[in-house]
Every structure is written in structure tokens, then in C-alpha cells.
Amino acid sequence: MKSFEELGVSEQIRRAIEEMGFVQPMPVQEAVIPYLLGMRRDVIALAQTGTGKTAAFGIPLLQRINVNERHTQALVLSPTRELCLQIADDLRDFSKYMDDIHVEAVYGGAAIEPQMRALKKGVQIIVATPGRLIDLKNRGFAHLEEVANIVLDEADEMLNMGFSEAINDIFESLPEDHSTLMFSATMSREVERVAKKYLKDYETIVVGSRNEGAENVNHIYYMVHAKDKYLALKRIVDFNPKIFAIIFCRTKLETQEVADKLIRDGYNAESLHGDLSQQQRDLTMQKFRQHTVQLLVATDVAARGLDVDDLTHVINFGLPDDIENYTHRSGRTGRAGKKGTSISIVHTKEKHKIRNIEKEIGKKFVEADIPNAEEICKKQLYKVMDQIVKTDVDDDEIAPFMQDINRFFEYIDKEEIIKKIVSLEFGKFLAYYADAPEIEKPVADKREKKPQTDRQKVQNKAQKGYRRLFINLGKRDGFFPGVLMQTLNRYVGGRQEVGHIDLLDTFSYFDVPERDARKVMTQLTGIRFKGRQVRCNDADDTSVKSERRDFKADKRGYKPERRNKDRFYQEEEGWARRKPKRK
């Protein structure tokens, strides 16, 4: 393996990257850097996310800059704001000891005026998202007529996100003699189309195998019934106490629901999707990078550009329809030589997707059984014991209190103290898994005899010490966990404790402590929610049939919210229906 000096990297950049911990070039850097420094031909580099791509194109890009000129000489396009900021920060770090290098990141979701002022002063390298760059170009602040080098990072992602038209516009603004470098994890048809249209006599550099996931990633799947996917997710997380993972969901609604459930069940989780403001997204990603959040529940689009080196797992709560998206998901773990695991929770109708992905990436999935309660409890117990043993004790700090501590525990033997300490930390897991429902493994090669009713989709048994209640409000009413908690706090009073929640289309089930069940039923029955009279009673006294009768009887005063039709707005004292405009 060659050194950075042997690759032709300048002394100033070597000094900077050595301070950043770069010891030896990674394979993609060894392949791309000398080629870009020595030749001016266009290049397509196929490499997975997290393989050191930014340094591979960033180092030669910086060395090609004429520091005596302030006009824009290089352009880097990225699919997301987050990746854009990350690339710009890396380029500034690489050029720490280079004089008069000016790098500016321009992206949507932020005020455009500061970006306009920065470009007006003159920058040599612009790192941009396509949409914002077009906006700045049209306003006369981004001048591309002297750009000598353009880089498309994660080109397949940009094209999947619908930036084809913007990329075409940008290329038409470049001079004829520019050089183009495209980085992509996969060689999709769209990438090939753009390459044939805009790249001249290009070289293809492949690091690893085409369309292959990271070599250090294990691919595992768990086969469960659709109704058990969340319970399976909890068991997988509990079985891996040191997990640091992204949980991918297919839709924004599913992402928020899964995150809400995990938070309610005591897990250190946050959601990341397009309905959040940019400020919320930035804060969530900052907390995740700093490991103050352990589980990030995200959509594919929202997680793009989130570069975290030490993910232990990627969990596919729902498999994507596009195999390339699976490649990007799994490529987020197993970086920098570390091992990673990509877990997929699938039901029988998704089994064919596993086979299709295996054919595409050339790697086999391992089918695993959902960990049972005993296995999980052992793992959590070892975690607690390990934490106790590895806890550092400051003798000087605790010395003044030792006399009182010894006196307090004088008549309790060592074994009893250990039991109490472990029970204090470990007790809630034992309590939950003592009565946890079993997750039945479906038979993959048999079709289900008939679809399950809404009643069969829910967990009928309340957890120990709780009673399961029925309420005739569901997702179609806009009734979600947060709304349930607000309703309970408003009508029942105080901060009502709630256990498991099952939300269905037109009704829901939720658990409350036995002592509070009668009070909750009494206080909620008879109130009105969005014009509908609420009924709340013991789950054992209700059936889907009776709920349908109730829904039909109440039909005159209420219609369920429908997409693009009936809309509701919230007033301070309750809900009212917006009257439709007369045509």
C-alpha cells in the first residue's frame, strides 16, 4: 500500500490529514487520487458510502485550485443539506495549512442572503445542493463559467431524488473544457445515462464489486407476522444492549409511529423525517452523532447525508422497493474496518424481496429466530454486571460518606446487596418479559387462510397490573399516542400513566393501571372529539361488531376524515368541522 506522499499529495494537505488521523490511504483514495492528480479525463468511481470518498475527490480538488484567483474553480454537488455541510467542513479541514482557500456550502432550508453575500466576496470551491445552486445562479450570484472541475457525490441518490433537470441545467452552464467526477454506490441506468450525456472519454474506477454492500456487513432477517413487527423490533434491540442504530421505515407516518412507541416504552430514540422542520432535523442528527440518542428512526430521504462511522446496526423495519436503497441503508454500517449488521424484519409477503436483494448484492441473508425472553434477560443481566464492574470509583470523593454507608449496610450481607443492586437496574426487564407475549414464526411457504380482522391484529392481553381499555377513536380520526395523552391529561386530570397502545383505523386499545381504569372510563365516556361522541370501556366488553354499530349510529353527526376532502381544524376548546366551500 502506498503512502499519501507517494500518491502525490502536497505537504500542506498531508500535514492536515495526519492531524485528522489519516495514516494510510483507503482503497478508494489509493485508486482515485493519483488518477485525478495526473490526468484530466472524466471519471466514474463506484464505491460504497463511508469508504473515504470525500478525501478521494477533495484532496486532488484542493491541489488543483489556483489560490491567486478568487473566482469559482470547482463545484461539488450533493443530494442533501447534511452531506453538503459535511463535505464543506472536510474540505476546510483538509486545507487547514493552505493559504487563501475559500470553501462555501450553499443549500436549501436555510436563509439565502448569507450565502449570496459569501459568494459575492468570491469562493474557489462551492459545495451545493442542486436546487439552491440553480436559484443562486439565476439570481446572478453563482458564476459557473470558469469551473474547471465538477464532482457529483452520491450521484445515484441525487438522480433518485429527482434532481435530473437541475443537474442538466448546471452542466449546460459549465465551460466546455471542464473535468467531471461522479461518485456513486451503484451503477444505475440513470447514472449511465448522465455519464453518456455529459462525460467525455471517461474512466470507470470500481472499488469493491458493483452494486455490492459493504464487505464487513452481515445480512440477517427475521420472519414474523406483520402484527408482530414492533414486538420483534423491541426484542432485537433488547438482545443487543450496546446497539447504536438507524431504524429505516418506509413512510413518514410509520417512522413517527415507531419512534413514538419506542420513546413511550423507555427507549432512547428519536424520529427523522421530512415533516420535521430543518431545525428539528439538525438537532436530532446532532444528538445522534454525539451518541445522546441511541436509536434513530428515519425515512430513506431524511437519513441521506447522515454520516456516522460507528453504527453497530441498520434495521429495516420495512424493506424498500428499490434494491439500491437497501444498498445505501446497509452501507451505513460496517465502516472503517469495523463489523456491522443489517437486520431486516419481514413478513411472508416480503420474502421475495430478500431473494431479489441477495441476487443483486451477491451475498446471502441469514435467517434468524427472534430471541426469546430468557436469552434477552441474560444479555441484559451481563450488561448490568459489566457496568457495575467497570464503574470507576473516586475514593477521595466518596471517603467522607463511607462511614454512613457502612453503618447503613452493616446488617446486610454482600450477596443480598448484589441482588438488590442488580434488581434495581434489571428489574423492569424481568417484569416485562415475565408476561411478554410469544412471537409466533409464520410458515413462509403457506398462504394465510384469511386476512386478520382489526380485532385480531391487537395484543389482547394487558401487561401485569394493567387493564386494557377500548376507545372508539382511531387513526382515521387523527387519534395518535400524543393525542391520547393530551386527552387523558385534559379530562382525567394529572399525568395519567399509560401502558401499551394499539391504534387501528376507527378504534383503539390502551392499557392503564388497574386502580385508574374505572376513573378513565368514566371521564372519557361522553366527551366529544372532532364532533364524535367518545365511548371508552373495558376491552373485554367490546367487539368489532358493536363498534361498527356505534360508528353507524353516530354517522349523522360525524364523518371520518378523508384525504383531500373533509378537513378539521382545532379550536382552543375543542374540534369543529370546516364547512365546505360552495361552488
Side-chain angles (χ1 to χ4, degrees), residues 12-13 16 20 54 57-154 158 161-163 165-175 178-181 274 276-286 289 302 304-307:
Q12 296 100 321
I13 295 178
M20 296 170 65
T54 305
F57 68 74
I59 290 173
L61 208 64
L62 288 166
Q63 286 195 203
R64 286 184 176 185
I65 296 296
N66 181 354
V67 295
N68 298 318
E69 300 286 345
R70 285 293 293 267
H71 63 264
T72 303
Q73 302 169 45
L75 178 62
V76 181
L77 297 181
S78 73
T80 65
R81 162 192 173 137
E82 292 75 29
L83 184 57
C84 180
L85 287 167
Q86 183 180 306
I87 292 171
D89 287 341
D90 286 343
L91 292 179
R92 293 188 189 105
D93 290 338
F94 298 158
S95 60
K96 180 179 178 180
Y97 296 106
M98 296 177 70
D99 295 329
D100 298 320
I101 287 285
H102 299 275
V103 179
E104 187 64 30
V106 298
Y107 45 84
I112 197 170
E113 289 79 10
Q115 297 174 8
M116 291 163 60
R117 288 194 294 270
L119 295 185
K120 192 174 182 180
K121 292 178 182 177
V123 298
Q124 289 118 336
I125 301 177
I126 297 177
V127 186
T129 53
R132 177 53 61 93
L133 182 64
I134 293 293
D135 193 356
L136 288 165
K137 181 177 76 72
N138 293 339
R139 292 174 186 238
F141 288 92
H143 301 285
L144 309 182
E145 57 273 6
E146 295 186 73
V147 169
N149 300 284
I150 179 172
V151 177
L152 277 69
D153 192 21
E154 299 203 4
M158 274 191 285
M161 292 171 71
F163 285 127
E165 189 174 334
I167 291 171
N168 291 339
D169 192 343
I170 291 166
F171 269 101
E172 288 170 4
S173 303
L174 300 176
H178 71 271
S179 297
T180 304
L181 169 61
L276 300 176
S277 69
Q278 192 62 54
Q279 186 177 7
Q280 290 173 310
R281 289 169 63 185
D282 288 345
L283 180 60
T284 297
M285 287 189 288
Q286 181 184 359
R289 286 192 181 102
R304 283 170 181 154
L306 179 61
D307 194 11

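Treat the numbers as computed from the prediction; the structure is a model and nothing was measured.
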Under 3.5 Å, side-chain donor or acceptor atoms of residues 137-144 against the rest of the protein: list the pairs with distances, not counting sequence neighbours.
unit_1: K137; atom_1: NZ; unit_2: D169; atom_2: OD1; d: 3.4
unit_1: K137; atom_1: NZ; unit_2: S173; atom_2: OG; d: 3.4
unit_1: N138; atom_1: ND2; unit_2: I134; atom_2: O; d: 3.3
unit_1: R139; atom_1: NE; unit_2: D135; atom_2: OD1; d: 2.8
unit_1: H143; atom_1: NE2; unit_2: G140; atom_2: O; d: 3.1

Less than 3.5 Å apart, which donor and acceptor atoms pair up between the side chains of residues 114-128 and the rest of the protein, not counting sequence neighbours?
unit_1: Q115; atom_1: OE1; unit_2: R132; atom_2: NH1; d: 3.0
unit_1: Q115; atom_1: NE2; unit_2: Y107; atom_2: O; d: 3.2
unit_1: Q124; atom_1: OE1; unit_2: H102; atom_2: N; d: 2.7
unit_1: Q124; atom_1: NE2; unit_2: E69; atom_2: O; d: 3.1
unit_1: Q124; atom_1: NE2; unit_2: D100; atom_2: O; d: 2.9

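Listed here is the closest heavy atom pair of S78 and I87: CB-CD1, 4.1 Å. M98 approaches I13 most closely through the heavy-atom pair SD-CG1, 3.7 Å. When all heavy atoms of Q12 and Y97 are compared, the closest pair comes out as CG-O, 3.5 Å. D153 and P79 get closest at one heavy-atom pair: O-CD, 3.5 Å. Annotation for L91 and G58: closest pair CD2-CA, 3.5 Å, computed over non-hydrogen atoms. In this structure, D93 and M20 approach most closely via the heavy-atom pair CB-SD, 3.6 Å.
Heavy atoms from other residues, nucleotides or ligands lying under 6.0 Å from CD of E145 number more than 12.
The CZ atom of R70 sits 10.0 Å away from atom OG1 of T72, with the distance rounded to the nearest 0.5 Å. Rounded to the nearest 0.5 Å, atoms CD1 (I150) and NE2 (H178) are 6.5 Å apart.
Counting heavy atoms from C-beta outward, D282 and R81 have side chains that approach closer than 4.5 Å. The shortest distance between side-chain heavy atoms of N149 and L181 does not fall below 4.5 Å. For the pair L83/Q86, a side-chain contact is recorded, criterion being any heavy-atom separation below 4.5 Å from C-beta on.
For D89, the side-chain hydrogen bond (donor to acceptor under 3.5 Å, both in side chains) partners at least two apart in sequence or on another chain are R92. When the side chain to side chain contact (heavy atoms under 4.5 Å, CB included) test is applied to Q280, the partners found at least two apart in sequence or on another chain are L276, S277. Qualifying side chain to side chain contact (heavy atoms under 4.5 Å, CB included) partners for P130, counting only residues two or more places apart in sequence or in other chains: M158, F163, A166, I170. Judged as a ring-ring contact (aromatic ring centres under 6.0 Å, His included), and not counting sequence neighbours, the contacts of F57 are F183.
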Check the pair L136, I112 against side-chain contact (heavy atoms from CB on, under 4.5 Å), reporting the backbone distance first and the verdict last.
-> CA-CA 8 Å; L136 288 165; I112 197 170; 3.7 Å; yes
Worked check of side-chain contact (heavy atoms from CB on, under 4.5 Å) between V67 and I101 | CA-CA 6 Å; V67 295; I101 287 285; 3.7 Å; yes
